[in-house]
Amino acid sequence: MGKLSIIANAAWFLSSRLPALKKLEKLKSEGRQQEKYQMLNPMVNELCEKGLKWTNLTLEIEGQENIPDETVVFVANHQSGILDALVMLCLVKDHRPCGFLMKESLGKIPLVSGWTKMIDCVFVDRENPRDAVRALNEASDQLKNGISMVIFPEGTRTKNYPVLSPFKHGAFKIAQKNKTPIVPVVIYDTGIHMESAPDGKWNGGTVHMKVLPPVHTESMSRSEYKTLADTLHDRIEQELIAFHGAAYQKAETSASSAEE
């Protein structure tokens with residue numbers, strides 16, 4: 001199935017459930033959060049199931065037992081806009097409530113915007129430092145209210161797949177501020193599936209993911225916190241290097257040569 005067909009299917013799925021969205025918005029406005037999630041969660045599960053069917057992908061996830069039964073910050077590397085969002089939603093669908101920190105433009109797409117607000121997403125203008133502060137404060141408030149967050153600390157998907165870009169510190173600041181565990185997630189190969197679809201069609205296959213052991217921030221020292229972003233960057237990078245082998249080293253060398 002081609003990308004346009006997938007988008008069309010997703011649009012049909014969301015539009016066919018607009019009456020449900022109205023009920024969800026009413027429940028949210030009345031503060032009936034538990035009822036909202038009871039109604040919303042089966043729809044999220046159905047969307048995940050259909051999304052994998054539309055893309056003809058299966059997931060192989062290692063380490064799901066590392067997800068604590070409490071509010072957390074998930075941090076994952078970012079290789080593909082649409083596929084990363086899908087596979088992370090599939091990963092956290094049973095860890096509810098859980099929202100995403102997403103780029104502002106996604107919150108302006110008809111049909112998409114209403115649903116993303118229902119699943120507790122926070123939108124950020126990446127080009128506006130002041131808005132980034134506002135978004136991180138909003139994400140921090142979500143954590144205080146018991147809503148986990150998914151954040152891609154590279155800030156945007158890598159331009160030099162599969163090489164990992166430097167991590168921004170926002171995700172780690174709000175986790176440390178709220179004494180919230182951080183759960184690192186490695187997405188190994190959504191970039192491969194994107195690159196294999198130059199004609200706009202996915203050929204299917206398996207996406208490999210790994211949930212690493214959580215990092216607990218409640219007793220973290222100041223020096224440990226200062227190096228946390230780099231520590232987790234290195235941990236995820238080592239996983240990517242082990243998976244991609246020579247391809248990672250080659251891409252990394254090409255990137256260094258281009259910068260020179």
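Because only heavy atoms are used, hydrogens play no part in the values below, and waters and symmetry mates are left out as well, while side chains stay in.
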Quiz prompt | Shortest non-hydrogen contact from P184 toward I236 | solution = CB-CD1, 4.3 Å
Quiz item: Of all heavy-atom pairs between V124 and A132, which one has the smallest distance, and what is that distance?
Solution: CG2-CA, 3.7 Å
Quiz prompt | Residue pairs involving residues 208-217 (criterion side chain to side chain donor-acceptor pair (under 3.5 Å); sequence neighbours excluded) | solution = D189-H208, K210-E239
Practice problem: Kindly check if the number of other-residue, nucleotide or ligand heavy atoms within 6.0 Å of CD (E127) is above 12? | Solution: no
Show me, pair by pair, the donor-acceptor contacts under 3.5 angstrom made by side chains of residues 163-172, not counting sequence neighbours?
none

Identify all side-chain donor-acceptor contacts of residues 84-94 below 3.5 Å with residues at least two apart in sequence or on another chain.
{"residue": "D84", "atom": "OD1", "partner": "T190", "partner atom": "OG1", "Å": "2.6"}
{"residue": "D84", "atom": "OD2", "partner": "H78", "partner atom": "ND1", "Å": "2.7"}
{"residue": "D84", "atom": "OD2", "partner": "Q79", "partner atom": "N", "Å": "2.5"}
{"residue": "D84", "atom": "OD2", "partner": "S80", "partner atom": "N", "Å": "2.8"}

Quiz item: Quick one: does N178's side chain have a donor or acceptor within less than 3.5 Å of a partner on T180's backbone?
Solution: no
Self-check item: For E49, all residues meeting salt bridge (Lys or Arg N to Asp or Glu O under 4.0 Å), sequence neighbours excluded
Solution: none
Exercise. Please identify each residue that fulfils salt bridge (Lys or Arg N to Asp or Glu O under 4.0 Å) with E35, with sequence neighbours left out.
Key: R32
Self-check item: hydrophobic_cluster_shared for V73 and V133, side chain cutoff 4.5 Å
Solution: no
Ignoring hydrogens and angles, write down the donor-acceptor pairs under 3.5 Å from the side chains of residues 222-232, residues two or more places apart or on other chains.
{"residue": "S223", "atom": "OG", "partner": "S221", "partner atom": "OG", "Å": "3.2"}
{"residue": "E224", "atom": "OE1", "partner": "S221", "partner atom": "N", "Å": "2.8"}
{"residue": "E224", "atom": "OE1", "partner": "S221", "partner atom": "OG", "Å": "3.2"}
{"residue": "T227", "atom": "OG1", "partner": "S223", "partner atom": "O", "Å": "3.4"}
{"residue": "T227", "atom": "OG1", "partner": "E224", "partner atom": "O", "Å": "3.2"}
{"residue": "T231", "atom": "OG1", "partner": "T227", "partner atom": "O", "Å": "2.8"}

Quiz item: Under 4.0 Å between a Lys/Arg side-chain N and an Asp/Glu carboxylate O for K28 and D120?
Solution: no
Exercise. Answer with yes or no after comparing the ring centroid distance for H244 and Y188 against a 6.0 Å cut-off, counting only values under it.
Key: no
Quiz prompt | Interatomic distance, I174 atom CD1 to K144 atom NZ [nearest 0.5 angstrom] | solution = 10.5 Å
